[in-house]
A.B. asks: 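What follows is a structure written as structure tokens; I'll ask about it next.
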Amino acid sequence: MDDQTTVSSVAENGGRYHNNRSESEVLDIYPLSCYYFGSKEAIPLKNETLYDRVLRMKANYDAYGMRKCVAAVIVVELFKHPHLLLLQVNNSVFKLPGGRLRPGESDINCLKRKLSSKLSVGEDGRGPEWEIGECLGMWWRPNFETLLYPYLPPNIKSPKECTKLFLVKLPASRRFIVPKNFKLLAVPLSQIHDNHEAYGPIISGVPQLLSKFSFNIVES
């Protein structure tokens with residue numbers, strides 16, 4: 001086999017790989033206009049200092065072990081660009097929809113419960129079933145301080161928190177009903193990417209997690 005044949009074979013195989021990857025990593029997203037947005041009664045929020053929060057985390061850790069959380073990555077289309085749905089609390093902090101697991105609860109069941117609680121009428125889950133896709137990434141809190149990392153340092157044997165990010169695929173239409181003290185915002189991925197100051201490390205890293213997908217905008 002001469003050098004030219006070798007190069008041609010590699011290029012051909014690479015082309016097949018690229019085509020297969022493109023077919024398997026396509027994510028359908030629908031225009032924001034396909035969805036209805038309403039509000040419901042506000043939900044109580046913890047008004048605590050950082051010190052109080054650390055004390056609460058330590059007490060929960062002693063009682064239940066490592067804190068386990070899940071978060072939803074939900075993408076829609078606006079102005080021909082993918083936008084991420086974010087919850088904004090008190091007009092300041094941005095969060096991915098989700099929350100903490102109950103003892104013995106699975107990741108998927110918890111995320112469905114949290115999505116129904118924060119983005120639907122209630123935990124009874126009225127409306128279409130939430131379609132939970134793959135786990136896109138995991139973030140770890142080695143100690144009780146606020147910092148989280150997208151890896152677990154090898155010297156940490158007892159991490160205090162693990163947060164898993166799951167892709168959530170939307171149907172062609174859905175009603176989003178959000179507590180009055182929250183805002184549900186569609187933020188372009190280009191604005192979020194690497195913007196740690198505004199969105200924090202987890203949210204600002206979502207565009208990179210989604211970079212393996214080709215977005216297929218499904219016209220309404």
Side-chain angles (χ1 to χ4, degrees), residues 23-45 69-91 93-102 105-137 163-193 199-200 202-207 209-220:
E23 291 173 3
S24 63
E25 301 293 338
V26 172
L27 178 61
D28 291 336
I29 59 174
Y30 296 87
L32 188 65
S33 58
C34 290
Y35 305 103
Y36 169 85
F37 297 88
S39 62
K40 60 182 178 181
E41 291 299 317
I43 61 176
L45 299 173
C69 300
V70 288
V73 174
I74 307 174
V75 185
V76 298
E77 178 270 333
L78 185 63
F79 305 124
K80 302 299 181 182
H81 187 78
H83 283 56
L84 183 66
L85 292 186
L86 297 176
L87 286 170
Q88 188 180 32
V89 186
N90 295 330
N91 295 317
V93 180
F94 294 96
K95 293 185 176 182
L96 293 169
R100 187 178 65 179
L101 274 67
R102 293 170 175 169
E105 189 175 33
S106 70
D107 296 335
I108 302 302
N109 287 340
C110 175
L111 189 52
K112 289 181 178 181
R113 174 175 60 84
K114 288 295 184 178
L115 291 174
S116 295
S117 174
K118 294 181 178 177
L119 299 183
S120 296
V121 176
E123 287 191 15
D124 56 8
R126 279 182 283 177
E129 177 77 4
W130 294 102
E131 184 181 350
I132 312 299
E134 66 183 273
C135 179
L136 296 173
T163 296
K164 296 181 181 180
L165 276 60
F166 287 90
L167 181 67
V168 175
K169 300 178 182 180
L170 290 180
S173 65
R174 188 175 196 108
R175 292 169 57 90
F176 289 95
I177 310 296
V178 182
K180 292 180 180 178
N181 51 339
F182 286 75
K183 289 181 180 178
L184 185 60
L185 305 176
V187 184
L189 294 186
S190 58
Q191 178 178 317
I192 293 172
H193 173 61
Y199 300 102
I202 295 180
I203 294 176
S204 62
V206 167
L209 294 176
L210 293 173
S211 64
K212 68 176 184 177
F213 294 101
S214 298
F215 295 104
N216 176 44
I217 299 172
V218 183
E219 299 294 341
S220 58

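Reckoned from all heavy atoms, side chains included, excluding hydrogens, waters and symmetry mates.
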A.B. asks: Given side-chain contact (heavy atoms from CB on, under 4.5 Å), test Val70 with Ile132 step by step and report yes or no.
C.D. replies: CA-CA 11 Å; Val70 288; Ile132 312 299; over 6 Å; no
A.B. asks: So, using side-chain contact (heavy atoms from CB on, under 4.5 Å) as the criterion, who are the partners of Lys164 when residues are at least two apart?
C.D. replies: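 By the side-chain contact (heavy atoms from CB on, under 4.5 Å) rule, Lys164 matches Asp107, Cys135, Met138, Cys162, Phe166.
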A.B. asks: Mind listing the closest non-hydrogen atom pair of Pro179 and Ala42 along with its distance?
C.D. replies: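 That would be CB-CA, 4.2 Å.
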A.B. asks: What I'd like to find out is whether the side chain of Val168 reaches to under 4.5 Å of the side chain of Leu115, using heavy atoms alone.
C.D. replies: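 Yes, at least one pair of side-chain atoms sits under 4.5 Å.
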A.B. asks: Would Val73 and Leu209 satisfy side-chain contact (heavy atoms from CB on, under 4.5 Å), going step by step from the backbone distance to the final call?
C.D. replies: CA-CA 10 Å; Val73 174; Leu209 294 176; 5.8 Å; no
A.B. asks: Within a reach of under 6.0 Å around CD of Glu41, are more than 12 heavy atoms found that belong to other residues, nucleotides or ligands?
C.D. replies: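 Not buried by this count: 12 neighbours or fewer within 6.0 Å.
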A.B. asks: Is the shortest distance from a Lys or Arg side-chain nitrogen in Glu105 or Lys114 to a carboxylate oxygen in the other one below 4.0 Å?
C.D. replies: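 Looking at Glu105 and Lys114, the cut-off is not met.
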A.B. asks: Mind listing the closest non-hydrogen atom pair of Leu86 and Phe94 along with its distance?
C.D. replies: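 Minimum heavy-atom contact is CD1-CD2, 4.2 Å.
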A.B. asks: Within the 4.5 Å heavy-atom criterion, are Pro97 and Lys118 side-chain neighbours or not?
C.D. replies: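 They are not in side-chain contact.
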A.B. asks: Determine the minimum heavy-atom distance between Cys34 and Ala172, stating which atoms define it.
C.D. replies: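 Shortest heavy-atom separation between Cys34 and Ala172 comes out as CB-O, 3.1 Å.
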A.B. asks: Kindly write out the residues that satisfy side-chain contact (heavy atoms from CB on, under 4.5 Å) with Ser39, not counting sequence neighbours, or none if the list is empty.
C.D. replies: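 Applying side-chain contact (heavy atoms from CB on, under 4.5 Å) to Ser39 gives Lys180.
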A.B. asks: Hey, does Trp130 have a side-chain heavy atom less than 4.5 Å from the side chain of Ser120?
C.D. replies: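 They are in contact (side-chain heavy atoms under 4.5 Å apart), so the answer is yes.
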A.B. asks: With side chains defined as the heavy atoms from C-beta onward, is the minimum distance between Leu27 and Ile29 less than 4.5 Å?
C.D. replies: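 Yes, at least one pair of side-chain atoms sits under 4.5 Å.
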A.B. asks: Could you walk me through whether Leu119 and Leu87 pass side-chain contact (heavy atoms from CB on, under 4.5 Å), step by step?
C.D. replies: CA-CA 9 Å; Leu119 299 183; Leu87 286 170; 4.0 Å; yes
A.B. asks: Can you measure from NZ (Lys40) to CG (Asn181) and round to the nearest 0.5 angstrom?
C.D. replies: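 If I round to the nearest 0.5 Å, the distance is 10.5 Å.
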A.B. asks: Rounded to the nearest 0.5 Å, what separates atom CD in Glu131 from atom CG in Leu167?
C.D. replies: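 Rounded to the nearest 0.5 Å, the CD-CG separation comes to 8.5 Å.
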A.B. asks: Measuring from Leu85:CG to Phe176:CZ, what's the distance to the nearest 0.5 Å?
C.D. replies: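 The distance works out to 5.5 Å.
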A.B. asks: Is a salt bridge present between Glu219 and Lys80, judged by a nitrogen-to-oxygen distance below 4.0 Å?
C.D. replies: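 Answer for the salt bridge query: yes.
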A.B. asks: How close do Pro82 and Val75 get, heavy atom to heavy atom, and via which atoms?
C.D. replies: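 Closest pair (atom of Pro82, atom of Val75, distance): CB-CG1, 3.7 Å.
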A.B. asks: Could you go through residues 182-191 and list every donor-acceptor pair under 3.5 Å that involves a side-chain atom there, pairing it with any protein atom two or more places apart or in another chain?
C.D. replies:
residue, atom, partner, partner atom, Å
Lys183, NZ, Asn91, OD1, 2.9
Gln191, NE2, Tyr199, OH, 2.5

A.B. asks: Calculate, to the nearest 0.5 Å, the distance between atoms CG and OG belonging to Leu111 and Ser116 respectively.
C.D. replies: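 Interatomic distance, Leu111 CG to Ser116 OG, rounded to 0.5 Å: 9.5 Å.
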A.B. asks: Starting at CD1 of Ile192, measure out to CG of Leu84 and round the result to the nearest 0.5 Å.
C.D. replies: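 Answer rounded to 0.5 Å: 4.5 Å.
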A.B. asks: Is there side-chain contact between His83 and Leu32, with heavy atoms separated by less than 4.5 Å?
C.D. replies: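 The answer is no, as the side chains (C-beta and beyond) never meet within the 4.5 Å cut-off.
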A.B. asks: Any chance you could measure Phe213, atom CZ, to Glu25, atom CD, to the nearest 0.5 Å?
C.D. replies: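 Rounded to the nearest 0.5 Å, the CZ-CD separation comes out at 5.5 Å.
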